[in-house]
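Shown next, in structure tokens, is the structure this report addresses.
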Protein chains: 4
Amino acid sequence: MKFDAQSAAEPDVKRRGRQRSAEAFSAILSATCQLLEKKCLRDVTAEAIAQRSGVSKATIYKWWPNKNFVALDAFLMRMTRDVPTPDTGSAQKDFTEQLKSLVHFYVSPAGKLYCQFIAECQSNPAFLGVFRERFLQSRRNDVRVMWQRGIARGEIRSDVDGEIVLDLIYGPIIFRLLAGHGVLSDQQAEAIVEAVFRGIKA
Amino acid sequence: MKFDAQSAAEPDVKRRGRQRSAEAFSAILSATCQLLEKKCLRDVTAEAIAQRSGVSKATIYKWWPNKNFVALDAFLMRMTRDVPTPDTGSAQKDFTEQLKSLVHFYVSPAGKLYCQFIAECQSNPAFLGVFRERFLQSRRNDVRVMWQRGIARGEIRSDVDGEIVLDLIYGPIIFRLLAGHGVLSDQQAEAIVEAVFRGIKA
Amino acid sequence: MKFDAQSAAEPDVKRRGRQRSAEAFSAILSATCQLLEKKCLRDVTAEAIAQRSGVSKATIYKWWPNKNFVALDAFLMRMTRDVPTPDTGSAQKDFTEQLKSLVHFYVSPAGKLYCQFIAECQSNPAFLGVFRERFLQSRRNDVRVMWQRGIARGEIRSDVDGEIVLDLIYGPIIFRLLAGHGVLSDQQAEAIVEAVFRGIKA
Amino acid sequence: MKFDAQSAAEPDVKRRGRQRSAEAFSAILSATCQLLEKKCLRDVTAEAIAQRSGVSKATIYKWWPNKNFVALDAFLMRMTRDVPTPDTGSAQKDFTEQLKSLVHFYVSPAGKLYCQFIAECQSNPAFLGVFRERFLQSRRNDVRVMWQRGIARGEIRSDVDGEIVLDLIYGPIIFRLLAGHGVLSDQQAEAIVEAVFRGIKA
DNA sequence: CAATAATCGAGACGGTACGTCTTGTCTTGGC
DNA sequence: GCCAAGACAAGACGTACCGTCTCGATTATTG
């Protein structure tokens, strides 16, 4: 599946016929971004995207199955590397730094959008599949590197399942973000990483 | 706010006119349950609930703000205490047991529904408020007891923020449940609790 | 089949529930009439009718299969007896009078609409059925009376198929109306009836 | 106006550049014919014609204003002279013969198409113009000859407007065809001509 | 033989109407 | 006074077709 930037960026295979309009493509995405800043995903309509971008609805539906996937692409496009993968020489520090910037990201409007994608996934298996593939996995790959470095340097026990650790670190943040109980701040980020690293046993 | 069992159970204050029909009330909830077994929350319509329960839509809207709250009540009604709060004498064991039964719950259809409530919360602040109050908090209170016992018995470091530990334990499960990456099993539950207790530091 | 005035006027069988809104009903029809005065049937959209009448599209589609049937009802409603069935004592005079008033009707905007109904019939069997039943037949019944009177008075040969005579008289008018060749005037009407009565044989 | 066979047959004025493709031309017309055998004019789309003929939509729109005119040309191409202009020595016989063969034509699929052209005319003045010029008039000219012969031979009263007689004979048939009330058969054709010639007066 | 033109295929595009759907409100008559 | 039945306004949905357009490829005529 691929309804997106890639297929537009699909390179030099010049097909016959009129070429896909890059203007339309980016107009759609940027209109979507603008709208998502004001309303939540569910309240942004395909019609509004079409109108604001000066594009016809048919063009949208030609390239994306529906507005959710448009929003996903818009999100990916805008997600300029706000959340870098640091390399400080210490795994705990790396994770702390990364989690801090992640918290900043999540607290931003983009973070709200992220939540709404997860919400959409709950009643939309197709979207879930794409979201997982295009989003979670790529991000997870980045983080896995930090993890491996920590093991290589002997900072992290090697008998712990890496996947679990990743969820251990990111799960709490996302949970708080979604359920809205509990604060999200640098301090929390530090406390989480520290707890995970040291353990809570007396 | 109160759209629910309570207001039905509201006692003997005999109002003038025809009394509220207990049949209608429970018919609505049980119809909702049946429908939710087949379709996801978003796809269950208020109309379908009305039709299946032999109740008019007006009656539904009279007692609940909308179908989501109906579903919430239906969920509460059905939610037999699948997730007990164990007391084995060891905090780690308590948490492990509890997390295991929680995993079973989440994996069940009811768990899926739980996810959909969280999804609904993302674009519905009113629902978020009620959900948090009626759900998360009551459950959290239960667990906090286990936590306190652990501290009292000296099994858990007292310098860790309790709220964070709770999210540390439940967050990963919920994250996996929502995003669908990674498995959910007894084994995972054990691994999570063990990692949290021992820490991951070498 | 019956999507129309009748079913609204359907009398005293007071059904439970909210009654059909007479305002909505007549607002739809009158809005349709107004629109049809400006645009041709094909260019009048269901959306425009809804907007102009202050009624929702759903209400329109609830009572009529589509805008064509709305227009048909609107047409019937407005078709105040512009074309009376005269009784002068002479069949030829009766037909001449009737054909004259028919020509006036056809030349009016309503006549144009009539053509568009016939046009619609050519690619819409369902509409054809209703149009024939609700329109042609009722009108034909009126005219048949004049015909019978003529026979009874001995003015008309009784060995001619009555149905053919009716078509002989109205067919030419309608043909001219549809194809737009040839004029439509009182004079033509007289000439037609005279030719039909006298025959063209030398 | 000229969107058609003629302009293709347009002779030797060799223009610069690539010549118009005769294959494309006839492929379009024959694809149109095939489609019109299955669906009615309104339901045959320009896209379908393009696809079936292996021609691009642009090519169609280059040579015809729209699909209706394509169909018109397709119709003309196929319209083998099914309706000859007989010359039996008697005007009434001539008309009877001619009307019989006309009835056969109208009842055929081609006749149905003819109706749909008339339908299209009702909301398309441009098409009406072309249709009248290319169709009605040429046919009418043929018939006028029969009429003149009848007058010359003294079989027909000369004080009757010829145009009216033509409509008197063809109008009823077309009316029945369009409105679908009443049968169309040889018998009817005979009865019509007879009635027109003898008159209906007792 | 190149330059110049016109045509063709493929197919993207803006526009616009369609008919369906769901929501939450309102109205009526029956119990 | 509560209920069922159900009509209603609002408005998004995704689909379909229209006629226009932009490409690159293909022919021919002309210089």
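Worth knowing before you read on, the calculation uses all heavy atoms, side chains too, and leaves out hydrogens, waters and symmetry mates. Note that this is a predicted model, so its numbers are computed, not measured. Below, read A as the first sequence line, B as the second, and so on, with proteins coming before strands; counting in each chain starts at 1.
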What's the shortest heavy-atom distance between C:S53 and C:A27, and which atoms?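 Answer, listing the atom of C:S53 first, then C:A27: CB-O, 3.4 Å.
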Nearest heavy-atom pair of D:A46 and D:K67: which atoms, and what distance?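 Nearest pair, atom of D:A46 first, then D:K67: N-CD, 4.4 Å.
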What's the [atom1]-[atom2] distance between [X] and [N], to the nearest Å?
X: C:Q19; N: F:dG6; atom1: CD; atom2: P; value: 10 Å
X: A:R20; N: F:dC23; atom1: CZ; atom2: C1'; value: 16 Å
X: C:W64; N: E:dC18; atom1: CH2; atom2: C1'; value: 18 Å
X: A:D43; N: E:dT23; atom1: CG; atom2: C1'; value: 13 Å
X: C:L41; N: E:dA17; atom1: CG; atom2: C1'; value: 14 Å
X: D:E23; N: E:dG9; atom1: CD; atom2: C1'; value: 14 Å
X: A:E120; N: F:dC13; atom1: CD; atom2: C1'; value: 14 Å
X: D:I60; N: F:dC17; atom1: CD1; atom2: P; value: 14 Å

From [options], pick the nucleotide closest to the side chain of [X]?
X: C:S56; options: F:dA9, F:dG6, E:dG19; result: F:dA9
X: A:Y61; options: E:dT28, F:dC13, E:dC13; result: F:dC13
X: B:E47; options: F:dG11, E:dC13, E:dT23; result: E:dT23

So does [X] get a side-chain nitrogen or oxygen closer than 4.0 Å to the phosphate oxygens (OP1/OP2) of [N]?
X: D:T59; N: E:dG9; result: yes
X: B:K62; N: F:dC3; result: no
X: B:W63; N: F:dC3; result: yes
X: B:K57; N: E:dT23; result: no

Starting at the 5' end of DNA chain E, which residue's closest nucleotide do you reach first, C:A48 or B:T45?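 The answer here is C:A48.
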Taking the nucleotide of DNA chain E with the nearest heavy atom to each, does B:N66 or A:S53 sit closer to the 5' end?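 Nearer the 5' end of the strand: A:S53.
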Is there a side-chain contact between B:T32 and B:I28 in this structure, where contact means two heavy atoms from C-beta onward sitting under 4.5 Å apart?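 A side-chain contact exists here, since the closest heavy-atom pair is under 4.5 Å.
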With respect to B:F75, which candidate in B:F131, B:F69, B:F117 satisfies the ring pair (Phe, Tyr, Trp, His ring centres under 6.0 Å) definition?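 Between B:F75 and the candidates, ring pair (Phe, Tyr, Trp, His ring centres under 6.0 Å) is satisfied uniquely by B:F117.
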For B:G54 and D:A58, take the nucleotide of DNA chain F holding the closest heavy atom to each; which residue's nucleotide lies nearer the 5' end?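 Of the two residues, B:G54 wins.
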Taking the nucleotide of DNA chain F with the closest heavy atom to each, which residue, A:R18 or C:R18, is nearer the 5' end?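 This one resolves to C:R18.
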Within 45° cone of C:W64 ring axis and under 6.0 Å: C:R134 NZ or CZ: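 Judged by the rule (NZ or CZ under 6.0 Å from the ring centre, within 45° of its axis), C:R134 is not positioned above C:W64.
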